[in-house]
Undergrad: 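My structure is below; once you've seen it, I'll send some questions.
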2 protein chains.
Amino acid sequence: MLTSRRRGVKTRLRQNVQSEGGTALAARDTSPRTPELSGRKKRGVSIADVARLAGVSSQTVSRVSTGHPRVIASTRERVLAAMEELGYRPNNAARALRLGEFRTIGVVLFTLSTTGNSRTVEAIADHAAAEGYAITLIPVASPTQDDVLGAFTRLEELAVDGVIVIMEVHLLDAATVTLPPGVQVVVVDSDAGDRYAVVDSDQFDGAGQAVRHLLDLGHRTVWHVAGPTGSFAAERRANAWRTTLQEAGRRVPAVERGDWSAESGYLAGVRLAERARCTAVFAANDQMALGVLRAFHEHGRAVPGDVSVVGFDDIPDAGCFYPPLTTVRQDFAEVGRRCVERLLRQIRREAVEPGMALVPTRLVVRHSTARPR
Amino acid sequence: MLTSRRRGVKTRLRQNVQSEGGTALAARDTSPRTPELSGRKKRGVSIADVARLAGVSSQTVSRVSTGHPRVIASTRERVLAAMEELGYRPNNAARALRLGEFRTIGVVLFTLSTTGNSRTVEAIADHAAAEGYAITLIPVASPTQDDVLGAFTRLEELAVDGVIVIMEVHLLDAATVTLPPGVQVVVVDSDAGDRYAVVDSDQFDGAGQAVRHLLDLGHRTVWHVAGPTGSFAAERRANAWRTTLQEAGRRVPAVERGDWSAESGYLAGVRLAERARCTAVFAANDQMALGVLRAFHEHGRAVPGDVSVVGFDDIPDAGCFYPPLTTVRQDFAEVGRRCVERLLRQIRREAVEPGMALVPTRLVVRHSTARPR
DNA sequence: ATAGGCGATGTTCACGTGAACATGGTGTGG
DNA sequence: CCACACCATGTTCACGTGAACATCGCCTAT
């Protein structure tokens, strides 16, 4: 929901038709090519210009602009008319300087190339926008300490009120990083629950569901293609797999380990395909499951006839794998939403609940799993 | 490359160990839980505080902070020491207000959920960071005019020096949007080359390569699973497909149309699988190709034995499809890089080349294509 | 009728920074 | 030995905004 104080102006500005100050961005526009280039980098229209034209004080303009209630309707109209005529836009830098807050959230991450990250970021951006906050992306080139440190150093100079960190916080452990005073932190995909607010999918429960599903179908035990060491998500999924097998009194096979990529899943799958006794595989994500499927196909082992495969994430393509993949759905949108909610609460100094917020996961059964022959 | 004027401070601040002002973010830290919450939202350390401690004027501090050359070494040392002691960070809002620029680029897009978008954004973020610019994400909820307009309205209030628009600009055509004066625009994935600077992959050439590859293998003609109408990328790929077939004097079959999703590719694939004469399919992206593969498998038509399939994008998983997908690689990183480069040139009022910059695409031959029987 | 209050608007000022201009000291060339 | 140049540093100020406080006029309660 938009902060109501801003909505007044916004709604008006939206009706903006062709103001002098701006550059038109319309197809029917017949102005010269690349019209935006003609715009001089002149000083923008300030509150004072509007005040002069409207014949009021600049403070009254400010009141209109912030949606302050104590402005009489006729005055407000006059000011809004002046704003439109001049093409006035509030200067965010000045506003931020005055208010001491930036209405901006920084998002620190390694990559947008994983489904989980990009969808989480998308949800974060959507919800932040709805709350009137902008999102600044702070990419970390690689998961090395140097680069992480660099990102946080950059962060220090950035204009953000809070940060959402989407990565393994233990990468920061060896480093000492200072955050600007007052900057709040929420962490995703990590077990730093004792030090930071953490939001994450319920990895453990999801992985447990996957394994139990396979056992319930009648498989003796379940092999596991794990994610890389050092990833909490991978560790938690592997733990759940192991625990679930142990609780059911089953043998725990050796772990195959990948790096989340389909290619690494394929390599693991090739190794598994050679074990005749392997009838059920739980891959720690859908990409690796895809690689596993390919490996079994190439080795003539039918899925789900000979071997059952379960993934994790439920990426949009999973339903079109061959065969359609049984997998654990993560609600990334909800994770993003809760991150923003929690961070904003911290920024506003409202009641702060430390610890970890878990978003439920859910097994989606498709056609890659069946009873063993 | 970082603007060298900033690098001086940056390098120093990085050595920051445990400054008073900030909140420690270290594992070994034994301070109370969620330490960042203890930080009062007090006014930060300003240039004046540093000046006082160092016994110099605030202007000298500013000179050190901006890397001005006219500061004697001993003074510089003293100032840097004071900065570290106080945990000083430049206030970006004040800096932006003073300089009239924000060192920020806005990125307008609908979704991060497509491989192309998320990888392009990632590249944009990386290169912008390297140039000392931050990235602000401006999500557009849906490709409706209302939402697009809303995003641009929000943009008006945002603190950005330039904008990269990743979407079909024709969505803006019916609307009249005003951009803040001086804000520059670069567009991806659109044919607005006459109005804006445009950067895009060479869709036409890539699709041509795909079709020629299939014809060269000996296929009579090639079916096409196109992207949604209204997408320039989809249109351009379809055009290239048609043109290439016509130039080779081949029959042009009816187009199957999808919406980029694997599911839609599957539905198109089911229809194609029923046509016995269909021996070669060019899908407009890899997701739809995945769906096509599944459809052919389910219909007992071997790939590449009975039917050859080519995709577009070369998503990381394509090499692990079953069979590994022959596809057209897009260099999203390069697209992102060029966007930033071009936009920064415009922002800096350097030589401006209007029109479209095309990034080459390249066919990657894997195992989903073969000679027809 | 009048005091008191309150609502609408105006005036002042500080937020933190860095450009422009000012100052003062040192070195060098005539 | 003086004049001038040049360099390190200081002083002043404006950038655009909105909070705090001030003012003014009208309405209401007594």
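A, B, ... follow the sequence lines: proteins, then strands. Residue 1 opens every chain. Because the structure is a prediction, the values reported are computed rather than measured.
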Undergrad: Nearest to the side chain of A/R95 - C/dG10, D/dT17, C/dT17?
TA: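 The nucleotide sitting nearest to the side chain is D/dT17.
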Undergrad: Would you kindly give the CD-to-P distance between B/E101 and C/dG18, to the nearest whole Å?
TA: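 Distance, rounded to whole Å: 11 Å.
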Undergrad: Take atom CZ of A/R103 and atom P of D/dG18, then tell me their distance rounded to the nearest Å.
TA: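 A/R103 atom CZ is separated from D/dG18 atom P by 12 Å.
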Undergrad: Please state how far atom CZ in A/R89 lies from atom P in D/dT17, giving the value in whole angstrom units.
TA: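 In whole Å, D/dT17 P lies 13 Å from A/R89 CZ.
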Undergrad: Using atom CG of B/L99 as one end and atom C1' of D/dG16 as the other, report the distance to the nearest whole Å.
TA: 14 Å
Undergrad: What about A/R63, does its side chain sit under 3.5 Å from the base of C/dG10 through a donor-acceptor pair?
TA: yes
Undergrad: Evaluate the side-chain proximity of B/V64 to B/V56: yes if any heavy-atom separation is below 4.5 Å, no if none is.
TA: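 Contact flag for B/V56/B/V64 side chains = no.
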Undergrad: Choosing from C/dA8, D/dT9, C/dT17, which nucleotide comes nearest the side chain of B/N91?
TA: C/dT17
Undergrad: Reading DNA chain C from 5' onward, which residue's closest nucleotide shows up sooner: B/Q59 or B/A94?
TA: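 This one resolves to B/A94.
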Undergrad: Whole Å only: how far is the CZ atom of B/F102 from the P atom of D/dG16?
TA: 10 Å
Undergrad: OP1 or OP2 of C/dG10 less than 4.0 angstrom from a side-chain nitrogen or oxygen of A/T60, does that happen here?
TA: yes
Undergrad: Compare side-chain N and O positions of B/R70 against OP1 and OP2 of D/dA8 and report whether any pair is under 4.0 Å apart.
TA: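 Checking D/dA8 against B/R70, a side-chain N or O does come within under 4.0 Å of OP1 or OP2.
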Undergrad: Determine the sole option in A/R345, A/R103, A/R348, A/R337 for which the salt bridge (Lys or Arg N to Asp or Glu O under 4.0 Å) test with A/E131 is passed.
TA: A/R348
Undergrad: Is there a side-chain contact between B/V160 and B/F102 in this structure, where contact means two heavy atoms from C-beta onward sitting under 4.5 Å apart?
TA: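 They are not in contact (no side-chain heavy atoms under 4.5 Å apart), so the answer is no.
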Undergrad: Taking the side chain as every heavy atom from C-beta outward, state whether A/Y133 and A/V340 have any pair of such atoms under 4.5 Å apart.
TA: no
Undergrad: Hey, does A/S62 reach any base, or is it just sugar-phosphate, or nothing, if we go heavy atoms under 4.0 Å?
TA: base
Undergrad: Can a side chain N or O of A/T75 be found less than 4.0 Å away from OP1 or OP2 on C/dT9?
TA: yes
Undergrad: Could you tell me if the side chain of B/V121 sits less than 4.5 Å from the side chain of A/V121, heavy atoms only?
TA: no
Undergrad: So, under a plain 3.5 Å distance rule, would you say the side chain of B/R98 forms a donor-acceptor pair with the base of D/dG16?
TA: no
Undergrad: How about B/R63 and B/V79: do any of their side-chain heavy atoms sit closer than 4.5 Å?
TA: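 A side-chain contact under 4.5 Å is absent here.
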Undergrad: Looking at every strand, decide which applies to B/S58 at a 4.0 Å heavy-atom threshold: base, sugar-phosphate, or nothing.
TA: nothing
Undergrad: Could you state the CG-C1' distance from A/L97 to C/dC13, rounded to the nearest angstrom?
TA: 13 Å
Undergrad: To the nearest Å, how far apart are A/R52 CZ and D/dG16 P?
TA: 11 Å
Undergrad: Nearest whole Å is fine: how far is D/dC26 P from A/I72 CD1?
TA: 11 Å
Undergrad: What nucleotide among C/dG10, C/dT9, C/dG18 has an atom nearest to a side-chain atom of A/V56?
TA: C/dG10
Undergrad: Among the nucleotides C/dG16, D/dG18, D/dT17, which one has an atom lying closest to any side-chain atom of B/S46?
TA: C/dG16
Undergrad: Name the residue closer to the 5' end of DNA chain D, choosing between B/R76 and A/V61 according to the nucleotide with the nearest heavy atom.
TA: B/R76
